[in-house]
Amino acid sequence: MRREVPIVICFLAGFFFISDFFIPEPHWTQIAHRVNQWAIIVIAFAYVLGVGNIVRVNSQVIKRKERDWGYKILLLSGLVLMIILGIGFGIKEGTTFNWIFMNAMYPMQATMFSLLAFYIASAAFRAFRIRTWEAALLGVTAVLVMIGRVPVGEFLWRPFPDFIEWIMNVPQLAAKRAIMIGAALGAISTGLKVLVGLERTYMGGE
Amino acid sequence: MDLGTIIWNTVALFLTLCIFSFLYKDNPFYKFAEHLVVGVSAGYFAIILYFNGFIPKVWEPVTQKGEWWYLLPTILGMMTWARFSKKWSWISRFAIAFYMGIAVGVAIPLEMQQRVIKQLHATMLPVHFTNIQGVWNLLIMLGVLCGLIYFFFSMGHKGVVGGAARLGIWILMIGFGAGFGLTVMGRISLLADRITEIHNWYLMVTKALWGF
Amino acid sequence: MSPIFFYLSSWFDFNRINVLVILGLFFAFVFYFINQAKKGKSLFVRRISGLDAIEEAVGRATEMGKPILYISGIEDMDNLQTVASMIILGNVTEMVARYDVPLLVPICRPFVVPVAEEAVKQGYIKAGKPDAYDKNNIRYISDEQFAYTAGVNGIMLRERPAANLMFGSFFAESLIMAETGFSTGAIQVAGTANIHQLPFFVVACDYTIIGEELFATSAYLSKEPKLLGSLKGSDLAKFLIIIILILGALLETFGITKFSSWFFVR
């Protein structure tokens, strides 16, 4: 019951949706569309689990006064505040909920994203310290593409931009396709094993 | 310009600088911003899902349209809550299995169509030496073949297979280098955006305080 | 159009027959080799150095008395890379349990939390140490990509894991995490099939698992014959693809387009 029923559910749901890809019959498609909507509903309920996890993990740190427990109070306050504001006053434009998103969350996210400029520089520095032939290929190609994408590339060598286009359209395209095809086969094989119950890690050990 | 806008913009600037301070080292300002963004964003997404998932897809259909069958996924969704109990946590597996079945079932044919067959078709091009495109087609095909040979797991990388696999990994590395080089410029423009925001704040405050 | 064909076409999309045929063949290959493996036929799998490094990383964490950080990417369970990542998490837990090292698993999507909990629990049970399982080490951080990144960076800086294992679907956050991990001196092994992020992992991590290797990881680590059989099936499919590619290109060269047009996706 605890293991077999989930495997049967997974199998039936999976093969029903595989069949939906090939069957254009409107009723069939409509059922599939409806069941697909159900998945979103299941996900929505899982957010209670997420919030529960945050509250459990952080409140224990606070209770035991472990390192950085004061910050955990801040974290939980932010969480509770957003839930109260959202449910109590709505989420539309002009609400405090929306203001906090625009003026606190958004700038922090954007700044975190912009840190990439620094990290890509340090990563590039390491990429160019050539240790192996493979690393050399990566580093040299990266430098060539960087130079070729700015005007100085054309200034140095007139056909530079065309050469970069060639790199993107021939070797890079081949690499992309090889990875894509291989990964897709791996993904399908993994999915198949999940559907038939050969991979059942998600069901735990009891 | 009203005081509220100035205050909110200043808060945004302060938080921006808190995050940037991480580049120096871990410090109380970064910890403050990190915990704030984690708490606020977790609450934000839970609420967004409540308004965009639960209300239109469960509450309204059931209470306003009488579409009672939406209670079925509701029950499945609520099964995930069984994880709060040690004794009943196994019930959540039904919901997990249902969701994974759908997800995998949708993904499998799409992966085959979009990532295998479409790519295969795009690579099956005339190869010849009468014009340059024919040569490039040949190179692309050889690149794909060698890349695929690199991903053979049940054969050792020795002899001809080893040679082709080595060529395959070189092609992959060239591809990675090209990807890296291409992304650099985009990432730097992100930093430029944040610096522009800081500059705009400076202009706004100086204008509010001194009128220029 | 004949009435029979008309009726059939309402029940089968003939434009997708190529997908059905190739998918059917692929399934047949995989099941055939799984059966062979079940019958006890030994199956060879080549060395994947990045995966051997996981054991090395776990050993190092034991020596240093520091935890191991497992990051499963930022996508939900509807992404097959996350599914693969959860399976790998089970294998890694088994390894970690043998060495008595704490395993930290920060998670980006709430629905991944119960799956990760089950995978970790199962790993500890398999290793014979069910009591070592600590539910609090599986932490939901946030759905938001960069809030999650900020949280993971915080863990890297304060808990100083000896090893960072990153397997799953990653996007722009990959480089921020990998560079932060590098700055803390952790051994880093990363694997993804997201083509745009692979260059960053290759540059910033000690070992990178590329594309399909991510999906082969579970079979490689567990050495379970059934799973190794599926790898062999996948290899046969690749061999077939290579033949199709060569044949298709040759026929195209001689002006015969019927073969390649069968693969056209409508």
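The structure displayed is predicted, hence computed values, not measured ones. Naming convention: chains lettered A, B, ... in sequence-line order (proteins, then strands); numbering from 1 in each chain.
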Option that, when pairs with chain B are counted at under 4.5 Å, heavy atom only, ranks first among [options]:
options: Glu213(C), Met77(C), Lys232(C); result: Glu213(C)
options: Asp76(C), Asn18(C), Ile210(C), Ile22(C); result: Ile210(C)
options: Val45(C), Leu23(C), Thr257(C), Leu245(C); result: Leu245(C)
options: Val115(C), Asn153(C), Leu247(C); result: Asn153(C)
options: Leu236(C), Ile195(C), Leu228(C), Asp143(C); result: Asp143(C)

Heavy atoms from other residues, nucleotides or ligands near [atom1] of [X] exceed 12 (cutoff 6.0 Å):
X: Arg46(C); atom1: CZ; answer: yes
X: Phe239(C); atom1: CZ; answer: no
X: Phe84(B); atom1: CZ; answer: yes

Which one of [options] has the most heavy-atom pairs closer than 4.5 Å to chain C?
options: Gly175(B), Ala107(B), Pro126(B); answer: Pro126(B)
options: Val37(B), Leu148(B), Val127(B), Ile149(B); answer: Val127(B)
options: Lys118(B), Gln113(B), Arg187(B); answer: Gln113(B)
options: Val38(B), Ile102(B), Thr80(B); answer: Val38(B)
options: Phe22(B), Phe153(B), Phe180(B); answer: Phe153(B)
options: Ala33(B), Ala178(B), Gly156(B); answer: Gly156(B)

Under 4.5 Å from any heavy atom of chain C, what part of [X] do you find: side chain, backbone, both or neither?
X: Tyr30(B); value: side chain
X: Leu125(B); value: backbone
X: Ile169(B); value: side chain
X: Met173(B); value: side chain
X: Val144(B); value: side chain

### Message
Is the positively charged end of Lys57(B) above the ring of Tyr70(B), judged by distance under 6.0 angstrom from the centroid and angle within 45° of the axis?
### Response
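Lys57(B) over Tyr70(B) ring: no.
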### Task
Please determine if Lys31(B) forms a cation-pi arrangement with Phe29(B), meaning its NZ or CZ atom is less than 6.0 Å from the six-membered ring centre and no more than 45° off the ring axis.
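Cation-pi check for Lys31(B) and Phe29(B): fails.
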### Query
Phe33(C) versus chain B, heavy atoms under 4.5 Å apart: side chain, backbone, both or neither?
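Neither; nothing under 4.5 Å.
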### Query
Using non-hydrogen atoms only, which part of Arg16(C) is less than 4.5 Å away from chain B: side chain, backbone, both, or neither?
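For Arg16(C), side-chain heavy atoms alone lie under 4.5 Å from chain B.
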### Task
For residues Phe200(C) and Ile176(C), determine if any side-chain heavy atom of one lies less than 4.5 Å from a side-chain heavy atom of the other.
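In short, these two side chains do not touch, never coming nearer than 4.5 Å.
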### Minimum side-chain heavy-atom gap Phe129(B)-Val135(B) below 4.5 Å
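Yes, close enough: below the 4.5 Å cut-off.
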### Task
Go through Phe12(C) and Phe14(C) one step at a time and tell me if the ring pair (Phe, Tyr, Trp, His ring centres under 6.0 Å) criterion holds.
CA-CA 6 Å; Phe12(C) 183 74; Phe14(C) 283 94; 5.1 Å; yes
### Query
Counting distance only, does the side-chain N/O of Asn131(B) pair as donor-acceptor with the main-chain N or O of Gln133(B) below 3.5 Å?
yes
### Query
Okay, side chain of Glu224(C), backbone of Lys226(C): is any donor-acceptor separation there less than 3.5 Å?
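Such a contact is absent between Glu224(C) side chain and Lys226(C) backbone.
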### Query
Under 4.0 Å between a Lys/Arg side-chain N and an Asp/Glu carboxylate O for Glu117(C) and Arg83(B)?
yes
